[in-house]
S.K.: 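For reference, the structure I am asking about is given below.
Lettering of chains follows the sequences in order, A, B, ..., and the numbering in each one begins at 1. These figures come from a predicted structure and were not determined experimentally.
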There are 2 protein chains.
Amino acid sequence: MELKYVGKTKDVYELEDGNYLLQFKDDVTGVDGVFDPGANTVGLTIDGVGQAGLKLTKHFFEVLKEKGIPTHYIDADIEKATMTVKPAEVFGNGLEVICRYRAVGSFLRRYGLYAEEGQPLDGFVEVTLKDDEREDPPISEDALDMLGILSKEEYGVLKQLTREIGLIVKEELAKKDIDLYDIKFEFGRAGKDKQIVLIDEISGGNMRAYKDGQYIEPLELEKLFF
Amino acid sequence: MELKYVGKTKDVYELEDGNYLLQFKDDVTGVDGVFDPGANTVGLTIDGVGQAGLKLTKHFFEVLKEKGIPTHYIDADIEKATMTVKPAEVFGNGLEVICRYRAVGSFLRRYGLYAEEGQPLDGFVEVTLKDDEREDPPISEDALDMLGILSKEEYGVLKQLTREIGLIVKEELAKKDIDLYDIKFEFGRAGKDKQIVLIDEISGGNMRAYKDGQYIEPLELEKLFF
């Protein structure tokens, strides 16, 4: 297998059968040693965080499969912290799709004039560009279409999938009395028909989850959940 | 008449008949002495810029009136640099609506990964919050609706009006071989039926206009145009 890409929190290898292998690492995004799922830099390294993230990812992707939600997931090896996935092309240079249930993080930094910290938001969906240099700017449906990144039809599918997947994750977490504040997804086009599928991971590293009003660290989430 | 509000580029007085009087000032927005229609601070003061802005505003608002576009405009006194307008309430604490024909300014700063400087944009509309402290963040149709600032129906009207007015201004300028790159509008709700109307001004101070590839300063625009 061939190393294709070194990411912040995982490395990507191409397999001989055309599928891909994701190697989960012990790095999480953040700034100055503090975890922030919205950050563009590796903020800290925590032993076991890769494996913990994969355990959650495997669980959620298998729940999504049962529910008929299209994803790139094929299989996972927890021991080796690897996940096998179908090939998918990202939109442009990559988008992040955020689903919000509470006003925190960058939402509050932008819209604090109109929202209180922690205020409920009804599964609000927004898209940001993956662009470290420009600090992942938010982008509208119209701009995505005009710049040839995502058609309006694709945007509709992406938004609908985001709301469905967000709700499934939220309900799974609620079974353990964990409250999902926001979650970040990535999508891509897979197969000949360019179907829009969920890619990347679903773990503590790309969500903000709380229990009894207390924020849960990424590694802690896996322990609390299983 | 009573002073109601001191703005960056104009002061607002309430008249005894319930209408308002806008006193255009010689200040323009910018940073460090350089004009920038998107800036939040007064960047420089130029003698006569208030009167020049009003002359253009009067011209454009009268063209819009002829074409049946709803605005707050009643009358203007160029000598005194004042404009009389109907009362209108802004959306939330105020929005700016930008119509873009070329990729420059904050559009390029945000989406430079996907757009070249000066690239044509087909009357792209975006909305930003007037919020100096948070640097006027862009905001989507969904967020405007969720935060109770603007309903989806109102957003549709706002976007349509923006595109129509932008095109009228662009065509007026084109008659003098002036090329409109982008323009910033403000809207409000007027009258008992809360009709969405154009408010504020249309002048060199809230657009980027070019001639023969050269940027035209706000004061210069009035001279070139008349």
Side-chain angles (χ1 to χ4, degrees), chain A residues 40 90-103 105-117 119-150 152 155-156 158-160 162-163 166 182, chain B residues 40 90-103 105-117 119-150 152 155-156 158-160 162-163 166 182:
Chain A
N40 269 328
V90 297
F91 307 105
N93 292 290
L95 302 179
E96 291 185 339
V97 189
I98 302 139
C99 191
R100 300 184 180 275
Y101 301 99
R102 296 267 184 180
S106 64
F107 184 91
L108 199 67
R109 285 196 292 276
R110 275 185 263 125
Y111 308 130
L113 189 58
Y114 296 93
E116 307 243 319
E117 184 165 4
Q119 168 186 321
L121 304 175
D122 190 20
F124 170 68
V125 174
E126 62 183 351
V127 178
T128 61
L129 294 179
K130 288 184 86 162
D131 184 350
D132 290 359
E133 198 186 317
R134 295 175 186 85
E135 297 180 327
D136 294 351
I139 186 163
S140 70
E141 178 180 353
D142 285 350
L144 286 165
D145 180 50
M146 180 180 62
L147 295 173
I149 302 169
L150 194 70
K152 296 220 169 190
Y155 186 90
L158 192 84
K159 183 171 159 182
Q160 181 58 28
T162 299
R163 291 178 66 96
D182 57 29
Chain B
N40 269 327
V90 296
F91 307 107
N93 292 289
L95 302 179
E96 290 185 340
V97 188
I98 302 140
C99 191
R100 298 183 181 277
Y101 301 99
R102 297 269 184 178
S106 64
F107 184 90
L108 199 68
R109 284 196 293 276
R110 274 185 263 125
Y111 308 130
L113 189 58
Y114 296 93
E116 308 242 318
E117 183 165 3
Q119 170 185 319
L121 305 175
D122 190 19
F124 170 68
V125 174
E126 62 183 353
V127 178
T128 61
L129 294 179
K130 289 185 85 163
D131 184 351
D132 289 359
E133 197 187 321
R134 296 174 186 85
E135 296 180 330
D136 294 352
I139 185 163
S140 70
E141 178 180 351
D142 286 350
L144 286 164
D145 180 49
M146 181 179 64
L147 295 173
I149 301 168
L150 195 68
K152 295 218 171 194
Y155 185 89
L158 192 83
K159 183 172 159 182
Q160 181 58 29
T162 299
R163 290 178 66 96
D182 58 28

S.K.: For chain B, find which of A:Val125, A:Asp136, A:Asp131 contributes the most heavy-atom pairs closer than 4.5 angstrom.
M.R.: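 It is A:Asp131.
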S.K.: Against chain B, label A:Gln119 side chain, backbone, both or neither, depending on which of its atoms sit under 4.5 Å from a heavy atom there.
M.R.: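 Contact with chain B is through the side chain of A:Gln119 alone.
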S.K.: Counting only heavy atoms closer than 4.5 Å, note whether A:Arg109 contacts chain B via side chain, backbone, both or neither.
M.R.: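 Interface part for A:Arg109: backbone (N, CA, C, O).
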S.K.: Select one option (side chain, backbone, both, neither) describing which atoms of A:Ile139 are under 4.5 Å from chain B's heavy atoms.
M.R.: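 Both parts, backbone and side chain.
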S.K.: Answer whether the closest heavy-atom distance between the side chains of B:Pro138 and A:Ser140 falls below 4.5 Å.
M.R.: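 In short, these two side chains do not touch, never coming nearer than 4.5 Å.
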S.K.: State the OH-CE distance between A:Tyr111 and B:Met146, to the nearest 0.5 angstrom.
M.R.: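 That separation rounds to 9.0 Å.
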S.K.: Sort B:Ile149 into side chain, backbone, both or neither according to what part of it lies under 4.5 angstrom from a heavy atom of chain A.
M.R.: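 For B:Ile149, side-chain heavy atoms alone lie under 4.5 Å from chain A.
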S.K.: Would you compute the distance between atom CG of B:Leu147 and atom CZ of A:Phe124 and round it to the nearest 0.5 angstrom?
M.R.: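 Nearest 0.5 Å value for the CG-CZ distance: 7.5 Å.
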S.K.: Would you mind checking which part of A:Asp142 comes under 4.5 Å of any heavy atom in chain B, side chain (CB onward), backbone (N, CA, C, O), both or neither?
M.R.: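 For A:Asp142, the contact with chain B is made by backbone and side chain together.
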S.K.: Identify which part of A:Leu113 has an atom lying under 4.5 Å from any heavy atom of chain B, answering side chain, backbone, both or neither.
M.R.: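 For A:Leu113, backbone and side chain are both near chain B.
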S.K.: Please determine, among B:Arg100, B:Arg110, B:Glu141, the option with the most heavy-atom pairs under 4.5 Å with chain A.
M.R.: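 Option with the greatest count: B:Arg110.
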S.K.: Got a sec: does the CG of A:Asp122 have more than 12 other heavy atoms crowding it under 6.0 Å?
M.R.: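 No, because the 6.0 Å sphere around CG of A:Asp122 holds 12 heavy atoms or fewer from other groups.
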S.K.: Check B:Leu108 against A:Arg134 and note the closest heavy-atom contact, atom names and distance.
M.R.: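 Looking at all heavy atoms of both residues, the closest pair is O-NE, 4.2 Å.
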S.K.: Please confirm whether the backbone N or O of A:Asn93 pairs with a side-chain atom of B:Tyr114, one donor and one acceptor, at under 3.5 Å?
M.R.: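 Looks like yes, one N/O pair under 3.5 Å.
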S.K.: Which atoms of A:Ala103 are under 4.5 Å from chain B, going by heavy atoms: the side chain, the backbone, both sets, or neither?
M.R.: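 Neither the backbone nor the side chain of A:Ala103 comes within 4.5 Å of chain B.
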